[in-house]
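Every heavy atom of this structure was used, including side-chain atoms; hydrogens, water molecules and symmetry mates were not.
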2 protein chains.
Amino acid sequence: MPTAERRTTGRPPRISRAEIVGTARRIVAEQGVGKLTMRGLAREIGSTPMALYHHVRDKEELLLLLLDDIAASAPRPDPLPADPRERLVTVATAMHDLLAGCPWIVEVLTADDLMAEAALWYSEHIVDAAVAAGLGLEEAVDAYRTVWYYTAGQIITTATSARRRAQDERPTYRDRVFAGIDPAAYPRLASVGARWTELTARDTYAEGLRALVRGLLPEG
Amino acid sequence: MPTAERRTTGRPPRISRAEIVGTARRIVAEQGVGKLTMRGLAREIGSTPMALYHHVRDKEELLLLLLDDIAASAPRPDPLPADPRERLVTVATAMHDLLAGCPWIVEVLTADDLMAEAALWYSEHIVDAAVAAGLGLEEAVDAYRTVWYYTAGQIITTATSARRRAQDERPTYRDRVFAGIDPAAYPRLASVGARWTELTARDTYAEGLRALVRGLLPEG
DNA sequence: ACCTGAACACCGTTCAAGT
DNA sequence: ACCTGAACACCGTTCAAGT
């Protein structure tokens, strides 16, 4: 790895990978991923867009480095509960909390199942808890994926909802649709009516997770 | 609604909302949402970008119209199973299949919980099945959301994975991370090893959904 | 080895004007 | 009422050159 070696020739670097990642992290925290552009980042650092490409392959690699940085600095529950079901719930909740603070990670990196090095901790302990609860290794991997899907979907849905609620004054498309529901065609939705928005604004991650664990792991 | 009225004055329209949505749908089907641009769409129709803005407020509204169009033309399982659990599984699977064909919908519209008019059918029947299985109305809405999170997460994760597998030759970041796992730190993941990629490539939506239903709905 | 300026090939959207 | 051309304010990335 060249960045770890001591360079003996050539021009001394003016900016570093660490500085790039650190500044990117600050921008994302302050203004959201949408505002993270190579041009803006370079401006912030006091350099040019092209200088960045000398330290980072492309924007995607930068986001991956960012994920690793964030996951590495996130607090991890310790000690973990001895009971496997409780352990799974605790670790999944920690993963959820980490992601809730930076939902863009899910949008950007779903393909890698949160597989940055620093994020392996979560996968390891969820798979381990599933095995401890009596599942085979392959079943445990499937259980992990199910928990991941649920978590990713929750993060992405509530993040987008919150963003819209915050910036948009006009009623959402959903509100308009709900206002015009035909009770004959959709009786259940009509009976929920205006309460839908209020009901779906609550955070029910924990309850859903427990239901998932009940269905996924054999009875203790 | 102005589009339904018969116009008696002014210049006759050369392009229509229906033509815009239809062409957009074809572009998305053939080349993916990433290739759907207002400029490209106008070119395809043989018009100018600005003509589109006369029929559609902005790109987001266009995507919403597209979702409605697609949901309206999707096949719906009929008749539905009488057993509530089976009914929930059947409807959720139909929703999943619809989305699997156009994963961009999830990425774009998660905030509205698939709340286009034509998509209400799925919500209605999932909530109804949950009530029929013994849940209260509010609990049933929560159950619907849990199923939605799981479904959205599955679609988004596998869609992105598939896209990368298709276009990218070099090993994924995940593969590189897995190759360097420390068995002392992460014994479970190390013992899964190279099988991870193979295991996570399988479609386990159905199994996960059944586990979710087991945990969500009271025993029959 | 590291950084720069200029350019390429794009975006969504607004403005002012034409028919 | 509907459409147009030109422009604004951006993107990520490549290329060729400078130090």
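Residues A/T158 and A/Y205 have side chains that never bring a donor and an acceptor to within less than 3.5 angstrom of each other. Side-chain contact annotation: A/R25 with A/S73, donor-acceptor N/O pair under 3.5 Å present.
The pairing partner recorded for C/dA1 is D/dT19, the criterion being a Watson-Crick or G-U wobble arrangement whose two distances lie under 3.5 angstrom. For D/dC8, the paired nucleotide is C/dG12, the pair qualifying as Watson-Crick or G-U wobble because both relevant distances are below 3.5 Å.
Side-chain proximity of A/M50 to the nucleotides C/dT4, D/dC3, C/dT13 is greatest for C/dT4.
Nucleotides of DNA chain C nearest to A/R39 and A/G46 differ in position, and the one nearer the 5' end is that of A/G46.
Checking the phosphate oxygens (OP1, OP2) of D/dT4, a side-chain nitrogen or oxygen of B/S47 falls inside 4.0 Å. In this structure, B/R14 reaches the D/dT4 phosphate: one of its side-chain N or O atoms is under 4.0 Å from OP1 or OP2. OP1 or OP2 of C/dC3 has not a single side-chain nitrogen or oxygen of A/T48 nearer than 4.0 Å. Contact between the side-chain N/O atoms of A/H55 and the OP1/OP2 oxygens of C/dC3 is found at a separation under 4.0 Å.
Separating the P atom of C/dA9 from that of D/dA9 is a span of 23 Å, rounded to the nearest Å. To the nearest whole angstrom, the two C1' atoms, one in D/dC8 and one in C/dC11, are 12 Å apart.
The nearest whole Å value for the distance from the CZ atom in B/R57 to the P atom in C/dG12 is 17 Å. As a whole-Å value, the separation of B/E61 CD from C/dG12 P is 16 Å. Rounded to whole Å, the distance from NE2 on B/H54 to P on C/dA16 is 16 Å. Here the P atom of nucleotide C/dT14 and the NZ atom of B/K59 are 15 Å apart, to the nearest Å. As a whole-Å value, the separation of A/I45 CD1 from C/dC3 P is 10 Å. We find that OH of A/Y53 is positioned 18 Å from P of C/dC2, with the value rounded to whole Å. Here D/dC11 presents its P atom at 19 Å from CD of A/E60, a figure rounded to the nearest Å. In this structure, CE of B/M38 is placed 8 Å from C1' of C/dG12, rounded to the nearest angstrom.
A/Y144 and B/W196 have their aromatic ring centers within a separation under 6.0 angstrom.
A distance of 8.0 Å separates CG in A/D97 from CD1 in A/I155, rounded to the nearest 0.5 Å.
Between B/Q154 and B/D203, the shortest heavy-atom contact is NE2-OD1, 3.7 Å.
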